[in-house]
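Notes to accompany the following structure.
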Protein chains: 2
Amino acid sequence: MTKRATVADVAALAKVSSATVSNVISNRLGKVSAKTRLRVLDAISVLNYTYNETAAALRSNKSNIIGLVIHDLSNPYYTELIAKINRKLAKKGYATILACSDENLESQQGYLHLMKRHNALAVLLCPTWDTTSEHLDAWRDLSPTITFLRPTGSHDSDFIGIDNYQAAYDITSRLVRDGHTQIAFIGGSQSSRLRRQRLQGWKDAHEDAALRWDETHILYCASSMSAGIKATRELFKRDQNVTALVCYQDIVAFGAMNALHFLGKKVGEEIAVTGFDGLSDAEGWLPSLTTAEVQIEVLAEHIVDRLLLRLEKPDDPPNVTLLHAHIHWRNSSLYGGFE
Amino acid sequence: MTKRATVADVAALAKVSSATVSNVISNRLGKVSAKTRLRVLDAISVLNYTYNETAAALRSNKSNIIGLVIHDLSNPYYTELIAKINRKLAKKGYATILACSDENLESQQGYLHLMKRHNALAVLLCPTWDTTSEHLDAWRDLSPTITFLRPTGSHDSDFIGIDNYQAAYDITSRLVRDGHTQIAFIGGSQSSRLRRQRLQGWKDAHEDAALRWDETHILYCASSMSAGIKATRELFKRDQNVTALVCYQDIVAFGAMNALHFLGKKVGEEIAVTGFDGLSDAEGWLPSLTTAEVQIEVLAEHIVDRLLLRLEKPDDPPNVTLLHAHIHWRNSSLYGGFE
DNA sequence: TTGTACGCGTTATCAG
DNA sequence: CTGATAACGCGTACAA
C-alpha cells in the first residue's frame, strides 16, 4: 500500500512545473514542447503515476461519471443494452455507475440522489412505471437526464424509445391477413405504458380488419420464460381455439413455445407465435421466432449519441426519438399454415 | 443549472462553522448539540444542499466507490448476481462502477486501471479465463481485490466460488445409478477452468462406477440457448444412443430441451437433462429442470460479506470460500424412466 | 460544544 | 512555451 505518485512528484522528477505536467496529461496540443513532453511522460512511467479522477473532478467540477439507472436487470434485452452502452461510454473515457431500481420508485429516486452526490455528468434512466416528469425535475437542472425505452408521460427530458404501437399493429395485421381470427396477446404488467402501446396496436389491427378481439385473449405476465409458460397454459384453459400468440417479449414467447410443445401444438404449423425484442436466441430457436427488433446496438448508439450531443449543447430543446422496429418473419409464424 | 450549495453556504445560513456542519452531516454524535443540529439540518433542506462525494473522497483519500468488473453480461446468472451485489452495496452506502470485459483481458486490465483512477475502495472481479494471478498484482496493492466464481489459478486474492467438481460428480453419479450409461456433457468454452472442474466431476463419476466415458459425448458451446440447441443437434448426429445430457449451464439446458422436443425425444421420459445455476426459470420450465444451484442470494451475500471484512482487516490472509451446490432433482431427469 | 486553519491532487489563470 | 499560485468542497487537528 505505497502512496501513489502525484502531479507534483512527476513535476519534480521531470524538473518542470505541475501545470506543465497537467498539460501533458490532458494532451493539450501546442501548449508544451515535444522535448519536455517526453521528459514528463518518462517521469510518469518511472513513478508509475496514476491520474486521480477525484481531484480532477473536484477542481473542474466535472466528473466523467455517467449514472445508469435501470428498473430491471433480469431481462436479457436490458442487460445486453447496458453492456453495449457501458462499452461505448468506456471508449469515450466515461465510467458508469450502475444502479438497479427493481421497479421501485423510491429506490430509483435514492439512486438519482446518489448520482447527484457523485456529480454525475449525466444520467441515463430507464424509469419505473410510476415515474412522472415531476420526479425527474429535481435532477434535471443539475445534470442532463436521458430517458429511454419507457416513456414518462410528458417529455421534458430527452427520450429514446421504440415505436411499439406500429410494430404490434404490423405484426397483428399480418397474422390477420394470414387467416388468423383468434389471436391472443400475452405478457407485460398491468401498469405498463409500453404494454398499453403494444396492446393498442394489437387492438387497432383487429378493428381495422373488422375483426372482434376477445378480452379473454389478453393475459398479463411477468418478464420471464416461466411466466410465459404459465400464461400460455392459462390461455388454453380459457379457450382452445386460439391460433396465434402475440407475445409481449421474446422471453415470454420462448416460454409460450415451450408450453405449446407440452400441449401438443406444433408451433409454426398449427399455431403462430411472435415475440418482441429480437434477442439473438430468437433466430436459433426451434422453430425460429418471429420477432420485432430494434437492434440493441442501434438503440445503444442512439442513446449514447444523444448523450454526447446533450453534453455539448445542454440548452437545446429536449429531443424525442422513436425507433422503428424491424419485424423478422420466421418459422414460428409460417405463412400459409392456417388456411 | 444553478450552482449547488456547499458546506460553507449551509454554515453561513445556520450561523455556525463549516466544521459543525460537517459533524452534523457525518452524524458524529456527541459532537454537536441537538439545537444546533436542527438549525443545520434546516439550513441543509432550505438550500437543498447535496453532499459532494468527490470532495470528500479527495480530502479523505477514501472513495465509496466499489469497482465491479465482470466478463459477461449476457448470462442471467451473472446479471442477477450483479443486481443483488449492487443492491447490497447500495444499502451500505457504496456506489458501484460497473465494467464488462467481454472476456477480453486487455479490456479488463483497462477497466481495472479505470477503477484505480477513480480510487475505488475495492474491486470485485469475475476475471477473464486468461487472467493469472500476476495480472492482478498491479491493483491488489492499492485496493483489495475480491475474485469470484472463476478461479485464477493461484490465490493471493480473496475468492468466492462454487464446488463445481462435487456438483457435477453428484449429478453424474446419480444418473449412472438411475441406469444411464450414455451420458453426454454439453457446454462451456474450451479454455474455461470452471468447465474443466465440472467435466472432471463427470469423468470421475464414470470411472468410479467402472463406466467408460466417450470423447464424442463431450461438446463445447457458448453460453446461450441457441448454442445449446446447436450442440444438442450435433450430439445426436454423432450418436443416437445418448440417454442423458449433463449441461454446463441452465441456459444451455433450455436450448437442449428445445432441440430434443424437435428431435422427437421426450425429456424426462426417454432422455434426462440436467443443468447448472438454478435459474428461477428452471423450476417453471416444462418439464421442470434438474439443476445444481448455489443460490444467487447466498453467493452475493458471501461476496459482499467478504468485501466488508476485507475492508475492515486489509491485512488478514486471503480467504478462499467454496460454496456447496444444492442439486434440485426435478422432472427433466425423472428416476425410473430408463430401465 | 463550536470555530479556525490547513491540506487533499488537480486545473485555471495569468504573468513571464 | 513554462511557472507560480489560487482555487475546487470537504475533513480534521487543534485551539478556544
Side-chain angles (χ1 to χ4, degrees), chain A residues 1-41 43-44 47-65 93 116-121 142, chain B residues 1-41 43-44 47-65 93 116-121 142:
Chain A
M1 296 263 189
T2 98
K3 219 161 153 341
R4 59 200 257 182
T6 74
V7 172
D9 299 331
V10 174
L13 184 61
K15 294 187 195 311
V16 294
S17 79
S18 63
T20 303
V21 175
S22 178
N23 281 332
V24 171
I25 291 169
S26 319
N27 245 322
R28 268 185 275 274
L29 308 165
K31 295 287 269 178
V32 59
S33 73
K35 230 177 74 184
T36 33
R37 193 183 126 82
L38 282 178
R39 252 207 347 273
V40 170
L41 288 177
I44 284 178
L47 294 175
N48 194 18
Y49 165 79
T50 303
Y51 185 74
N52 187 330
E53 300 278 357
T54 308
L58 175 59
R59 172 57 205 171
S60 64
N61 195 28
K62 225 171 213 238
S63 79
N64 70 348
I65 289 178
K116 192 173 174 185
R117 290 166 63 110
H118 279 279
N119 239 310
L121 193 57
L142 202 75
Chain B
M1 294 269 186
T2 99
K3 216 160 149 356
R4 59 201 263 181
T6 73
V7 173
D9 299 330
V10 174
L13 183 62
K15 297 189 193 307
V16 295
S17 78
S18 63
T20 304
V21 175
S22 178
N23 280 330
V24 171
I25 292 169
S26 316
N27 245 324
R28 268 185 276 278
L29 309 163
K31 294 286 267 180
V32 59
S33 76
K35 233 177 71 187
T36 35
R37 192 183 129 82
L38 281 178
R39 249 201 356 267
V40 170
L41 288 177
I44 284 178
L47 294 175
N48 195 17
Y49 165 79
T50 303
Y51 187 75
N52 187 329
E53 300 279 357
T54 308
L58 175 58
R59 171 59 216 181
S60 63
N61 193 27
K62 222 170 215 229
S63 79
N64 70 347
I65 290 177
K116 190 172 175 186
R117 289 165 64 107
H118 279 281
N119 238 309
L121 194 57
L142 202 74

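The sequence lines fix the lettering, A, B, ..., with proteins before strands; numbering per chain opens at 1.
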Sugar-phosphate only, base, or nothing, as touched by K15(A) at under 4.0 Å among non-hydrogen atoms: sugar-phosphate
Approximate separation, where rounding is to 0.5 Å, of I65(B) CD1 and E53(B) CD: 8.0 Å
Nearest atoms (heavy-atom pairs only) where V40(B) meets A14(B): CA-CB, 4.0 Å
Between CG on residue L58(B) and CG on residue N52(A), distance to nearest 0.5 Å: 6.5 Å
Euclidean distance, K116(A) NZ relative to T50(B) OG1, rounded to 0.5 Å: 3.5 Å
More than 12 heavy atoms from other groups under 6.0 Å of CZ on R37(A): no
R39(B) CZ - dT2(C) C1' separation (whole Å): 11 Å
Sugar-phosphate, base or nothing in reach of T36(A), heavy atoms under 4.0 Å: sugar-phosphate
Annotated protein contacts, base or backbone, on nucleotides 4-16 of chain C with a non-hydrogen cut-off under 4.0 Å, one of B, S, - each: B--BBBBBB----
Contact summary for Y49(B) and A5(B), nearest pair of heavy atoms: CD1-O, 3.3 Å
Sugar-phosphate only, base, or nothing, as touched by V21(B) at under 4.0 Å among non-hydrogen atoms: nothing
